[in-house]
Every structure is written in structure tokens, then in C-alpha cells.
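Okay, structure first, notes after.
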Amino acid sequence: MTRSHSLIQSLKLVARYGLIVLNDGLICLPIKRRQVIFESFNGKDVNDNPAAIYRELLKTDPAYAHTAYFSVKPREYASLKDKYPEIQLVKRFTPRWVYLMARAEFWVLNSRLPNWWRSNRHTTTIQTWHGTPLKKLGADITHVAIPGTSTADYHQQFKTAASRWNYLIAPNRYSQEIFKSAFGFKNQFLSIGYPRNDVLYTTDAAAQQALRQRLLGQVSGPVVTYAPTWRDDMAVRPGVYQFDLPFDLATFFAHVPAGTHLIIRPHYLVKDAIDIHGFEDRVTVLAETDIAQLYLISDLLITDYSSVMFDFANLKRPELFFAYDLEHYRDQLRGFYFDYEREIPGPLVTTATAFYQQLDQWRQNGDFPGYQERQAAFYHKFCDWEDGTASQQVVQVILHGKGASK
């Protein structure tokens, strides 16, 4: 570690300590009624479940536009301010953020805040989380390979964080049971489905077509979205990531209907590593677009182990699973909660040849024959609680629900 790096780290610790001292004083003050702080993925964007709840809150009571805020990372502030000029943004871990957080009536989050950050005892925390888990999560991970953190410490971090959540949204019964073990959550579940999925039930065909036109322009054929999961071993070195498409683009287009447009939805860290040279008019890389919009305009989803499989299933459209590294991913990187190979709602392929063969099936039939029964079972297990009203139900908790004190 260089001397300048050590100095920077020391200054960060001093700044953090100052904010903690400020917070510890402010959380003793009364909360401000109707003040709500939203945050998604630790301030990376205005999206996911918190954004759906925010928009429903303002739709129900527009006066909240003056007292609701989105917490964002300072480096994202300028771009998000341009993107969402109508939303009050506040820079995370600044004195103003501390003041607003310390006196908020509600926090609405989709990931964990640091355990060293404390809330006002009268602030109610609604944790939405951010997906139905396929891969082992939190205290259910048997071996944690994070430098400087033991497995026991990692498990305790999750349990400590969850003990501070008054409400936790569960998208389905399966997830609710997992959240009990992975988080050790013992407070109140909101068993309502995911707010971010409401649009999958409330957006009509005309609006879906208009959305397709806006995102892709004029497309004459079907739209296919490829949304692979983040792999823990994608990093080549700190800050540098690689991702190679597991199929050839020219061969892909030879096995799908004429006019097909391919959307590639990568993790944002690898979006610049994807080569679509020569196919720019038929392939679009969309790493930042609200993924629910991509679901709505897609006729087929191709994925592997991503939780997108659960959300997309709400639309009852075909899914194809290209798990080219199944054995490595399942056995070495992350364990699975359910029998992936037997329960996924579409064909599973592990080679490019099999992948192209299944695309031929889809091209000929518009679906994958023989998977209707499994698709229905998957919908029943993971989508039964979804009905397009989850955001409304959370808003009712904010407007009328009495949050549990800590």
C-alpha cells in the first residue's frame, strides 16, 4: 500500500467517523412525518422495487414529491439528475443525507446498509430485496471466500442487518422460507409479490409495442433478450472484467426467424467487453435500461442462472436456459436452492450445438413443445402472489400502516 493510498484511507475513516457522530446526535430528534428515503442497490440508480413504490406513492399522494427522496451515490448524482429531473435526489453519506435519513419516517431499500449505520428508533425500514433466490444467499452460503471476512462473520452481518428491518417483501412463498433462513428474519413479511413486476400485469399490448419502438426502433420480427447472470470469476484483475458470448452471432441469426432483434442484457461491469461488431443493426446492448421494460418487449428470454427467470415467468412467455458452465457454477461458485435441472420452465442446453437446435424449435413453433406443464408449475410456485398490486399494498403501509418500533 502506497503512502498516498494510506492517507486517502485515513481521511475516509475520519470522514466516516464524523458522519457517524453527526448521525448519532440527529437520530435522537423526532422523526419528520411523511419523510421517506428510497434507495436502490446502494445508490447506484433509481430503479427496481424502491422506484416502483416511489412512483406509486406519488401517484396516490402527489404531495410526497416534496418529502420523498432517492439516495444515490455522489458519482452517479449528475447523470441521474439529468435522467430523473422530477425526483429529489440526495447524495449518499453527505451531511444533508445524514440529516434526512436520521429523521425519516420510512426507509425503503432493496439491499443492506452498512451495519455500522444506525437509524432513528422511530424510523420504519421496509426492505424490498431484489430477486427470487436461485443461488445460496446470506447465512445459507456454507463457505464465504471474501478476504478479511470469515464465514461466521459474513452470516452474522446478514442477520444483524435483517434484525433492523421492520418489513421484508417476499415475492413468493418459496422466497419467504429462504429469507427466514438466509437472513434470520423474524419481523413482518409483506407477502405480496414484487412491486417492480406490477408493470408486467398492467401494461397493455399497445403500450408494449410503443415501448419496443422507443427502445429498438423499427423491428420487423420477434425480440430475443439474452440476460446471463453475473459470474463471480468474471474479474481478470481489480476493476477489469471479461465476458465472451457463448454463441456466435451469425449462427444465432441463422436459427431464428427473419427480422429477429437480439438484446443483450449484461451486468453493467462487463457491458463494454461485449463485441457485436458487424451486427450493430440487429443487436442492442442494454445494461442500464429498466429490465422490466425488456421483459415487456421480449418474445423469448435466454438466460442461465439469473433470477430474471422468475420475473419473466409472470408473462408466461418461453424461456431457454443456456448453462454452458453448469457443473462449474453449481458445484464451485454458488450452490442452488432448488433442483435447477428439473424445475426450470424451458429447455436446458450446455453446448452451442444444442442451443441452436432449441432455437430451431422456437423458430418453428413459437414455443418449446413439451414444456407447457413445467412452465405452469413454475408459474404456480414463483408467481402466484403477483397480481399487479404490490406497489399499492406497500404504499398503504406507508400511508396508514403503523411501523414496528425497534
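Note that this is a predicted model, so its numbers are computed, not measured.
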* **Asp384 and Asn172, any side-chain heavy atoms less than 4.5 Å apart** => no
Note: Phe179 and Gly131 closest approach over all heavy atoms is CZ-O, 4.1 Å
When every non-hydrogen atom of Leu200 is compared with those of Asp311, the smallest separation belongs to CD1-O, 3.4 Å
* Under 3.5 Å donor-acceptor, Asp198 side chain and Ala390 backbone -> yes
Please report whether the ring centroid of Tyr194 lies less than 6.0 Å from that of Phe310.
no
Item checked: Side-chain touch His261/Val256, heavy atoms, less than 4.5 angstrom -> no
Worksheet item: For Ser150 and Asp153, does a side-chain donor sit closer than 3.5 Å to a side-chain acceptor?
Response: yes
* Residues Asp45 and Ser40: side-chain donor-acceptor under 3.5 angstrom -> no
Q: Could you check whether the rings of Phe158 and Trp129 sit parallel, tilted or perpendicular, using 30° and 60° as the cut-offs?
A: perpendicular
Only one of Gln393, Glu386, Gln392 passes side-chain hydrogen bond (donor to acceptor under 3.5 Å, both in side chains) with Thr389, and that residue is Gln393
| task | Could you tell me how the ring of Phe38 sits relative to the ring of Tyr54: parallel (under 30°), tilted (30 to 60°) or perpendicular (over 60°)? | result | perpendicular
Review point. Are the ring centres of Trp165 and Phe183 closer than 6.0 Å?
Key: yes
* **Full working for ring-ring contact (aromatic ring centres under 6.0 Å, His included) between Phe247 and Tyr324** => CA-CA 10 Å; Phe247 55 88; Tyr324 56 86; 9.4 Å; no
Scanning both residues in full, the closest heavy-atom pair of Ala102 with Asn23 reads CB-OD1, 3.7 Å
Under 3.5 Å, side chain of Asn115 to main-chain N/O of Gln157, donor-acceptor pair present? yes
Between Gln35 (side chain) and Leu100 (backbone), is there a donor-acceptor pair under 3.5 Å?
-> yes
Distance-only, no hydrogens or angles: does the Thr128 side chain make a donor-acceptor pair with backbone N or O of Leu109 under 3.5 Å? yes
- prompt: Just checking, any donor-acceptor pair under 3.5 angstrom between side chains of Thr289 and Gln293?
  reply: no
Going by the angle between their ring planes, with limits at 30° and 60°, are Phe336 and Tyr305 parallel, tilted or perpendicular?
tilted
- So, are Glu76 and Arg92 salt-bridged, with charged N and O less than 4.0 Å apart? no
- Going by heavy atoms in the side chains, are Ile291 and Arg265 under 4.5 Å from each other? yes
Problem set entry | Centroid separation Trp97 to Tyr69 less than 6.0 Å | no
Ion pair Glu319/Arg374, N-O distance below 4.0 Å | no
Side chains of Phe378 and Cys383: does their closest heavy-atom pair fall under 4.5 Å?
-> no
Strictly by modelled atom types, are Thr123 and Glu105 linked by a side-chain donor-acceptor pair under 3.5 Å? no
Backbone N/O of Thr303 and side chain of Ser306: donor-acceptor pair under 3.5 Å
no
Heavy-atom nearest pair, Pro246 first then Ala352, reads O-CB, 4.2 Å
side-chain hydrogen bond (donor to acceptor under 3.5 Å, both in side chains) with Asp360: of Arg363, Gln358, Gln357, only one passes, and it is Arg363
| query | Would you say the side chain of Thr350 lies within less than 4.5 Å of the side chain of Glu327, judging by non-hydrogen atoms? | reply | no
_Under-4.0 Å salt bridge between Arg317 and Asp299_ = no
is_close_aromatic(Phe189, Tyr167), centroid dist under 6.0 Å
no
Has Asn365 got a side-chain atom pairing as donor or acceptor with Gln361's backbone, closer than 3.5 angstrom?
yes
From the list Leu301, Asp304, Leu359, side-chain contact (heavy atoms from CB on, under 4.5 Å) partner of Leu320 resolves to Leu359
**Asked** For the residue pair Phe93 and Trp116, is the inter-centroid distance of their aromatic rings smaller than 6.0 Å?
**Response** yes
So Ile398 and Ile53, do their side chains get closer than 4.5 Å, heavy atoms only?
yes
Centroid separation Phe338 to Phe382 less than 6.0 Å: yes
Assess the residue pair Leu294 and Leu215 against the criterion (side-chain contact (heavy atoms from CB on, under 4.5 Å)); give the C-alpha distance rounded to whole Å, side-chain angles, the decisive distance to 0.1 Å, and a yes or no. CA-CA 9 Å; Leu294 305 189; Leu215 291 176; 4.2 Å; yes
Sorted by chain and residue number, the side-chain contact (heavy atoms from CB on, under 4.5 Å) partners of Asp140 (sequence neighbours excluded) come out as Lys136, Ile178, Ser181, Ala182, Tyr337
- Query: Is there side-chain contact between Ile87 and Lys81, with heavy atoms separated by less than 4.5 Å?
  - Reply: no
Salt bridge between Arg196 and Asp290, side-chain N to carboxylate O under 4.0 Å? no
On a heavy-atom basis, the closest approach of Asn166 and Phe185 is O-CZ, 4.1 Å
